[in-house]
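Just the heavy atoms: all of them, side chains too, but no hydrogens, waters or symmetry mates, feed the values below. The chains referred to below are lettered A, B, ... by the order of the sequence lines, with proteins before strands, and numbering in each begins at 1.
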Amino acid sequence: MKKFALAGNPNCGKTTLFNLLTGSTAYVGNWPGVTVDKREGTYKKLGEPVKIVDLPGIYSLSPYTPEEVISRNFILEEKPDCVINVVDATNLERNLYLTTQLLEIDVPVVIALNMMDAVEKAGDKIDAHTLEKKLGVPVITVSALKNSGVGELMKRAFEAGKAPRTGVTVLKDTPLSHLINDVKIALEAKGVENPLFHAVKLTEKDELEVKSHSDALKLVDDFKKTFKNDTFGSDFEALVADGRYQYISRNFANVYTKKGEKNLLSKSDKADRVLTHRVWSIPLFLVILFAIFHVTFSENFLFLGGLFPEGWDPLTGTAFEGVLFGGAIYSPGVMIFNTWNDVILANVFGWIGEGLKATGMSAWAYGLLNDGILGGLSSVLSFLPQILILFLFFSILEDSGYMARVAFILDRIFRKFGLSGRAFMPMIMGFGCSVPAMINTRTLADENERTATIRVIPFFSCGAKLPILMAIAGAIALSSGLGSADIITYSMYLLGIVVAIASVLLMRNTTMKGDIPPFIMELPAYHAPRFSSLMIHLWDKTKHFVKKAFTIILASVIVIWFLSNFTWGWTMIESEEHMNQSILASLGQFVQPLFTPLGFGSQLNSYGWVFAVAAVTGLLAKEDVIGTFGTLAAVFVGTIIDTEADGGVAAVQAMISGTGITVPALIAFIAFNMLTIPCFAAVATAKAELPDKKAFRYTLLFWIVTSYVVSAAIYVIGSWWWTSFIFAAALAGVIAGIALYNKNKKLKPQRV
Amino acid sequence: MEKMLSEFAVGETGVIRNVFGEGKIRRRLFDMGVTPGAEVYMRKKAPLGDPIEVNIRGYELTLRKSEAACVAMEVKK
């Protein structure tokens, strides 16, 4: 099958064109080793099917970003039959910079002059004919948005792909042309493919080229000794970049005819006057953020709850009782969540469960299929609607161009922590759900920044951790009369944020040292997000998540179900009151001493293991922690406590009186659950998004150590206040140690 | 008059004379079209004074002051 590659700047409409060409055949795959999406699809309207590969959006073919290296390697090594260079006609100069580099490769190229509709709308003109003559490759004007010119583009690409093309360079009028030619001849003599491209890159002293063609480098070095330019001295990298832009300005100034004044305020500029205003931009951003969370998670939509009597629900008695209303109107997010879980999933899984029972299978098989697999799947799938809604909102912000402005507004604050403004979005999404938040880290260019952000995302307490907080905080307030549940809950959220900031600072000063990632970024023009591309985004995410749910998560669910329902004697536990005989319980007792410094270990009586076990079941889904309490409280009070009715406060109270756990230990328990390894769904996502296995293993270790140390500090200081001096001294020691170490290292010569 | 892009006031226009800095940052500036001869219009500053937004080669570019301090400019009247 023939293979065409789409290459172009970010935001040039490449993805819209890709979706248009491939329709529903597209799928997303990961490139080996890096988490940058490569999308592939098939174009079928040419008589024979053609494979279309969507390369990541790039500005250049330099070796500095993973996207650039991937695109470059793809074109050089996979040798597509034709490269379709998508060029944003509204931003011709910068887009053609990449074109001049692509033309140096020995591959057929056609140029899709995209967004012509926007150019015409502004009353401007582009002379595509002259452009084609100057560049020497076909130039086709298209509008991916309006679906015009695309058939013609593909026909020309197909024609162009039939014959090989030899690379040409626009640098022939620069002082470097002789050198480039000499290097090219030397490389050609060695039988190197794409000699012109490699010759230019070698002249620039490109890291990747210097390694692979060290012999030809001598030519460059010798030439350099005799060369001197007024502006750049003998900096060839600068001369090459300058040469390209000079050529573009010289040749294409006449191609683009502007109708109006140059600095006329466009719609984008007007929007930016408000959205990046010096005073209003930050409050406005907070309002937008609040609105998104309100629409997704609030059970009191638009705060109309006061208008209705308590427990008001016009749908009482129907299948939708308590689904859409409950003393207030639920937000659309909660309505969808409830409909999905209480009406759809509950019924579907209920029918399957009954069907299984009807087959008369053995109790253990039924337990495994119904309680284990179906129960586990439904708890994982239950998040899907809200994950998608949250993702939809953030996709809209991203596609419209607003996200780039947010980074612009907040960069100053985040730089203090060694991150860039872009890291803010994924972190704040973490308050909703870690899964979409971790996926969103793909917008971060720097690998260290991405890893650090993924690690701290779980500390921004997600929606599923809220029930743990509320149940335990409620029980503490009731049992001990200490403080109010609200204040405890709120403080725990703050604790998460503080730990996240502290961890990022720690990482950036120890294991992840390095420059703060540069912040040289395009602010794309605002445009209304397209419904179809949003849906494609969401469909990709859904597939990704469901695939995980049916593989890694399912496997974990089965293992934990088995451990909690069987005794060492290989018999199944018949009723839940006897759960303390399970393998999980005895494992819990075994690891219990580990939690002694945290307050819920050996100092508790023989039932203390329930806390250890609850923390383990929390890995499945964090709300399971409270569900487990409800089940395990049966050990003390004889019956299973329904945690639905009061959010599990009574169950936690029973646990408190049953085990004699103290308040500091309970708070340490909350902190441990908040900061430790997140649910399996989030772990699976982290594994997919982190650069490699090593980073993933360290991330797991990081979560365990952080949660353990912080919880232990809470328990010890909470129980014996004077130990705070010891902790403060230890902390000061660590900070001083790191500062001294870094200072010493700086004095020594750096390895380059 | 010559000064660095980082010293520009909002609304000022200038032409790039030279680009300093090193390695990655410099290369990134080149790739984004920040090369000698290009005209730059200082559009605005972020709420906290940094980063800045400029118009160059017909599009909006944002960069930090520390990065703008690598760009030598000739102020245009």
Quiz item: Between A:Gln101, A:Glu204, A:Arg415, A:Glu522, which has the largest tally of heavy atom pairs under 4.5 Å with chain B?
Solution: A:Arg415

Self-check item: Top contributor to chain B interface from A:Arg244, A:Arg94, A:Glu93 [non-hydrogen pairs under 4.5 Å]
Solution: A:Arg94

Exercise. To the nearest 0.5 angstrom, please state how far the CD1 atom of B:Ile52 sits from the CZ atom of A:Phe519.
Key: 11.5 Å

Self-check item: Residue part contacting chain B, namely of A:Ala404, when any heavy atom lies under 4.5 Å
Solution: neither

Quiz item: Closest approach of B:Asp31 and A:Glu68, non-hydrogen atoms and distance?
Solution: OD2-OE2, 4.4 Å

Quiz item: If you measure from CE on A:Met521 to CD on B:Glu67, what distance do you get to the nearest 0.5 Å?
Solution: 11.0 Å

Quiz item: Do you know which of A:Ser62, A:Ala241, A:Ser281 has the most heavy-atom pairs with chain B at a distance under 4.5 angstrom?
Solution: A:Ser62

Quiz item: Rounded to the nearest 0.5 Å, how far does OH of A:Tyr59 lie from CZ of B:Arg27?
Solution: 14.5 Å

Quiz item: At a heavy-atom separation under 4.5 Å, does B:Ile56 approach chain A through its side chain, its backbone, both, or neither?
Solution: neither

Quiz prompt | Residue from A:Val279, A:Ile413, A:Ile282 passing side chain to side chain contact (heavy atoms under 4.5 Å, CB included) with B:Pro47 | solution = A:Ile282

Quiz item: Do B:Arg57 and A:Tyr97 meet the cation-pi criteria used here (NZ or CZ under 6.0 Å from the six-membered ring centre, within 45° of the axis)?
Solution: no

Exercise. Give, for atom CD of B:Glu53 and atom OG1 of A:Thr276, the distance between the pair rounded to the nearest 0.5 Å.
Key: 6.0 Å

Quiz prompt | Max heavy-atom pair count under 4.5 Å with chain A, selected residue of B:Val34, B:Leu63, B:Asp50 | solution = B:Asp50

Self-check item: Among B:Gly37, B:Pro51, B:Gly33, B:Ala46, residue most engaged with chain A (heavy-atom pairs, under 4.5 Å)
Solution: B:Pro51

Quiz item: Can you tell me how far the CD1 atom of A:Ile520 sits from the CG atom of B:Leu29, to the nearest 0.5 Å?
Solution: 4.0 Å

Practice problem: Could you tell me which portion of B:Arg17 (side chain, backbone, both or neither) has an atom closer than 4.5 angstrom to a non-hydrogen atom of chain A? | Solution: backbone

Quiz prompt | Leading residue by heavy atom contact count with chain B [cutoff under 4.5 Å; candidates A:Ile248, A:Asp272, A:Val240, A:Leu410] | solution = A:Asp272

Practice problem: For B:Lys76, look at atom NZ and say whether over 12 heavy atoms of other residues, nucleotides or ligands are found less than 6.0 Å away. | Solution: no

Quiz item: Atom OG1 in B:Thr62, atom CG in A:Asp411: separation rounded to 0.5 Å?
Solution: 7.0 Å

Exercise. Could you please spell out the steps behind the salt bridge (Lys or Arg N to Asp or Glu O under 4.0 Å) verdict for B:Arg26 and A:Glu237?
Key: CA-CA 10 Å; B:Arg26 186 151 181 257; A:Glu237 194 178 9; 5.4 Å; no

Quiz item: Which atoms of A:Ser249 come close to chain B, meaning under 4.5 Å heavy atom to heavy atom: side chain ones, backbone ones, both, or neither?
Solution: side chain

Self-check item: Which atom of B:Phe30 lies closest to which atom of A:Tyr245, heavy atoms considered
Solution: O-CE1, 3.2 Å

